[in-house]
Engineer: 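Provided herewith is a single structure, encoded as structure tokens, for subsequent inquiry.
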Amino acid sequence: MSKQVALLTGGGDCPGLNAVIRAVTRRSLDRGYEVVGVREGWRGLVEGKFQELDSRAISGILPRGGTILGTTRTNPYEVEGGVERVRERFASQRLDALVAIGGEDTLGVASRLFEEHAFPVVGVPKTIDNDLSATDYTFGFDTALTVATEAIDRLHTTAESHNRVMVVEVMGRHTGWIAVMSGIAGGADVVLIPEQPITVEEACGDLQRRHERGKDFSIVVVSEGYELTYASGEQRQIAEAPAPTDQFGHVRLGGVGDALAHEIEERTGYETRVTVLGHVQRGGTPTPRDRILATRYGLKAADLVHAERWGGMAALRGDEIVEVPLRDAVAELKRVPPEFYEAARTFFG
Ligand code: F6P
């Protein structure tokens with residue numbers, strides 16, 4: 001029986017989204033299904049914004065960053081009558097299935113819709129932060145990691161030339177995946193992440209030990225979600241806008257690199273500069289690894305739709321693409337395991 005398959009991309013954009021859209025669309029079209037793109041994440045289902053996805057629409061999008069469908073951080077559970085409107089639009093548009101491509105927020109909504117309304121949805125795990133459970137990796141992470149590592153490599157040479165401390169602020173709202181992995185790959189001298197908040201005093205101590213060994217330059221990687229932590233026990237979150245700024249209640253982070261650099265310079269006397277990588281980590285073309293992972297996820301999601309495995313999500317386990325329950329992916333965040341941080345820490349100071 002033919003199906004009308006809808007697709008949406010929600011939350012922060014991420015390299016590889018278009019590769020998923022292409023894969024879901026291609027495999028569904030091959031089955032004789034129709035594919036409809038929902039514009040701007042959940043907002044498109046609340047407000048009824050759709051676009052047809054045919055083979056022409058997906059031509060040439062594999063290497064393109066961003067999402068051809070647009071994205072927002074709309075949460076239908078926070079919009080007046082939002083969930084009812086989503087269900088009505090879905091029915092009036094005669095849609096049979098939804099593929100939701102997103103992170104903890106987008107897939108959290110998908111999971112609730114499935115649990116509470118038996119909504120016919122499957123998920124694909126996306127986020128540069130790599131903090132979704134039930135999958136080894138999300139797509140987008142490898143690209144962000146590659147950008148951050150290249151930045152660290154570049155900063156190394158200028159740090160060394162000027163005898164400076166270079167603080168690199170990377171993304172990672174709740175977890176330090178990008179910071180730890182780029183720190184290991186780039187040979188950072190200190191890495192600060194939310195999961196293992198070493199103190200400002202410890203970080204400065206590491207830098208001083210390094211300088212005593214004759215190394216007059218250092219690279220410090222800090223995750224935007226790290227709270228400035230002091231030996232006294234005081235912790236300070238640094239945010240651009242302290243009030244919740246989106247419908248999922250997230251503050252807009254940013255600025256911890258500056259605050260940390262100020263502390264380092266004042267406490268050690270070493271000249272310290274800051275680079276905030278920001279959205280550069282999210283933009284642009286996906287790495288080959290992300291293109292492949294996104295494509296395999298998209299094909300799996302299309303197969304889950306075909307088999308009507310509602311409430312399931314495509315996930316990576318080892319080198320296998322498997323099905324896991326959406327609820328497992330969003331139950332709790334996947335934090336950086338201590339052994340990864342320990343690997344980075346071996347090279348501190
Ligand atoms: O979704 C991942 C992410 O890039 C986080 O690392 C970051 O905190 C957040 O999104 C930034 O979102 P926005 O671009 O909406 O400010």
Side-chain angles (χ1 to χ4, degrees), residues 1-74 76 85-103 106-107 109-110 113-114 119-127 138-140 285-286 290-310 312-314 321 326:
M1 211 179 73
S2 184
K3 280 188 171 69
Q4 274 231 82
V5 182
L7 260 178
L8 69 76
T9 54
D13 73 333
C14 180
L17 282 166
N18 289 324
V20 180
I21 294 169
R22 170 178 174 268
V24 173
T25 303
R26 178 61 187 263
R27 182 154 280 181
S28 301
L29 292 177
D30 285 351
R31 291 203 164 104
Y33 295 170
E34 284 171 49
V35 186
V36 177
V38 179
R39 304 257 344 138
E40 299 168 16
W42 292 111
R43 181 191 284 170
L45 269 183
V46 173
E47 298 178 5
K49 297 180 170 186
F50 301 103
Q51 88 183 54
E52 193 196 341
L53 288 175
D54 54 15
S55 47
R56 180 190 285 255
I58 57 167
S59 169
I61 66 172
L62 173 63
R64 262 172 70 182
T67 162
I68 60 165
L69 296 176
T71 185
T72 59
R73 294 193 186 276
T74 302
R85 284 159 72 184
V86 164
R87 296 176 68 209
E88 281 160 21
R89 295 275 184 209
F90 195 78
S92 65
Q93 204 66 26
R94 298 180 184 286
L95 300 172
D96 299 298
L98 175 67
V99 178
I101 311 166
T106 305
L107 297 186
V109 170
L113 285 172
F114 169 70
F119 200 87
V121 60
V122 305
V124 177
K126 163 239 76 162
T127 166
T138 53
F139 74 85
T285 190
D290 271 338
R291 294 181 201 191
I292 295 164
L293 185 59
T295 298
R296 294 178 76 203
Y297 279 157
L299 296 176
K300 181 69 176 182
D303 290 347
L304 293 178
V305 165
H306 182 59
E308 306 197 349
R309 302 285 302 168
W310 313 132
M313 185 186 86
I321 302 291
L326 264 173

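Just so you know, these numbers use all the heavy atoms, side chains as well, and skip hydrogens, waters and symmetry mates. Here the structure is a predicted model, which is why all the values come from computation and not from measurement.
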Engineer: Nearest 0.5 angstrom please: Arg39 CZ to Ile68 CD1, how far?
Structural biologist: 8.0 Å
Engineer: Set out, in order, the CA-CA distance, both residues' side-chain angles and the distance that settles side-chain contact (heavy atoms from CB on, under 4.5 Å) for Arg31 and Asp303, then state yes or no.
Structural biologist: CA-CA 10 Å; Arg31 291 203 164 104; Asp303 290 347; 2.8 Å; yes
Engineer: Can you list the steps and then say if Leu17 with Leu69 is a side-chain contact (heavy atoms from CB on, under 4.5 Å)?
Structural biologist: CA-CA 9 Å; Leu17 282 166; Leu69 296 176; over 6 Å; no
Engineer: Within this structure, what is the CD1-OG1 distance for the pair Ile61 and Thr25, rounded to the nearest 0.5 Å?
Structural biologist: 6.5 Å
Engineer: Do Gln51 and Leu7 have side-chain heavy atoms sitting under 4.5 Å apart?
Structural biologist: no
Engineer: Which atom pairs, donor and acceptor, lie under 3.5 Å between side-chain atoms of residues 120-127 and protein residues at least two apart or in another chain?
Structural biologist:
{"unit_1": "Lys126", "atom_1": "NZ", "unit_2": "Gly10", "atom_2": "O", "d": "3.1"}
{"unit_1": "Lys126", "atom_1": "NZ", "unit_2": "Gly12", "atom_2": "O", "d": "2.7"}
{"unit_1": "Thr127", "atom_1": "OG1", "unit_2": "Asp129", "atom_2": "N", "d": "2.8"}

Engineer: Is any side-chain heavy atom of Trp42 closer than 4.5 Å to a side-chain heavy atom of Leu113?
Structural biologist: yes
Engineer: Under 3.5 Å, side chain of Thr71 to main-chain N/O of Gly41, donor-acceptor pair present?
Structural biologist: no
Engineer: Locate the shortest heavy-atom distance separating Gly298 from Val20; write the atom from each residue and the value.
Structural biologist: CA-CG1, 3.9 Å
Engineer: Which donor-acceptor pairs under 3.5 Å do the side chains of residues 43-50 make with protein atoms, sequence neighbours left out?
Structural biologist:
{"unit_1": "Arg43", "atom_1": "NH1", "unit_2": "Glu40", "atom_2": "OE1", "d": "3.2"}
{"unit_1": "Lys49", "atom_1": "NZ", "unit_2": "Glu40", "atom_2": "OE1", "d": "3.0"}

Engineer: Check whether any side-chain heavy atom of Phe119 lies under 4.5 Å from a side-chain heavy atom of Val109, and answer yes or no.
Structural biologist: no
Engineer: For Thr295 and Leu62: C-alpha separation, side-chain torsions, deciding distance, then whether side-chain contact (heavy atoms from CB on, under 4.5 Å) applies.
Structural biologist: CA-CA 9 Å; Thr295 298; Leu62 173 63; 4.1 Å; yes
Engineer: Could you check whether atom CZ of Arg291 has more than 12 heavy atoms from other residues, nucleotides or ligands sitting under 6.0 Å from it?
Structural biologist: yes
Engineer: Between atom CD1 of Ile21 and atom CD1 of Ile58, what is the distance when rounded to the nearest 0.5 Å?
Structural biologist: 10.0 Å
Engineer: Which distance, rounded to the nearest 0.5 Å, do you find between the CZ of Arg89 and the CG of Leu95?
Structural biologist: 11.5 Å
Engineer: What's the spacing between Asp30 CG and His306 NE2 if we round to 0.5 Å?
Structural biologist: 12.0 Å
Engineer: Considering all heavy atoms of both residues, which atom of Pro286 and which atom of Gly16 are nearest to each other, and what is their separation?
Structural biologist: CG-N, 3.6 Å
Engineer: Judged by atom type as modelled, is there a donor-acceptor pair below 3.5 Å linking the side chain of Gln4 to the main-chain atoms of Gln93?
Structural biologist: yes
Engineer: Heavy-atom count around Arg85 CZ within 6.0 Å, excluding the residue itself: above 12?
Structural biologist: yes
Engineer: Using side-chain heavy atoms (C-beta onward) and a distance below 4.5 Å, is Asn18 in contact with Thr9?
Structural biologist: no
Engineer: Decide yes or no for Val5 and Leu53: does some side-chain heavy atom of the first lie under 4.5 Å from some side-chain heavy atom of the second?
Structural biologist: no
Engineer: Under a 3.5 Å distance rule, please check whether Asp290 uses its side chain to pair with a backbone N or O of Gly140 as donor and acceptor.
Structural biologist: yes
Engineer: Stepwise, does the side-chain contact (heavy atoms from CB on, under 4.5 Å) test hold for Phe114 with Leu98?
Structural biologist: CA-CA 11 Å; Phe114 169 70; Leu98 175 67; over 6 Å; no
Engineer: If you take all heavy atoms of Ala97 and Trp310, which pair is closest and at what distance?
Structural biologist: CB-CH2, 3.5 Å
Engineer: Going by the rule side-chain hydrogen bond (donor to acceptor under 3.5 Å, both in side chains), which residues pair with Glu308 if we only count those two or more places apart in sequence or in a different chain?
Structural biologist: Lys3
Engineer: Quick one: does any side-chain atom of Ser28 pair with a main-chain N or O of Ala302 as donor and acceptor, under 3.5 Å?
Structural biologist: no
Engineer: Look up atom CG in Asp96 and atom CD in Glu34, then write down how far apart they are to the nearest 0.5 Å.
Structural biologist: 9.5 Å
Engineer: State, with a plain yes or no, whether a side-chain heavy atom of Leu304 is found less than 4.5 Å away from one of Val99.
Structural biologist: no
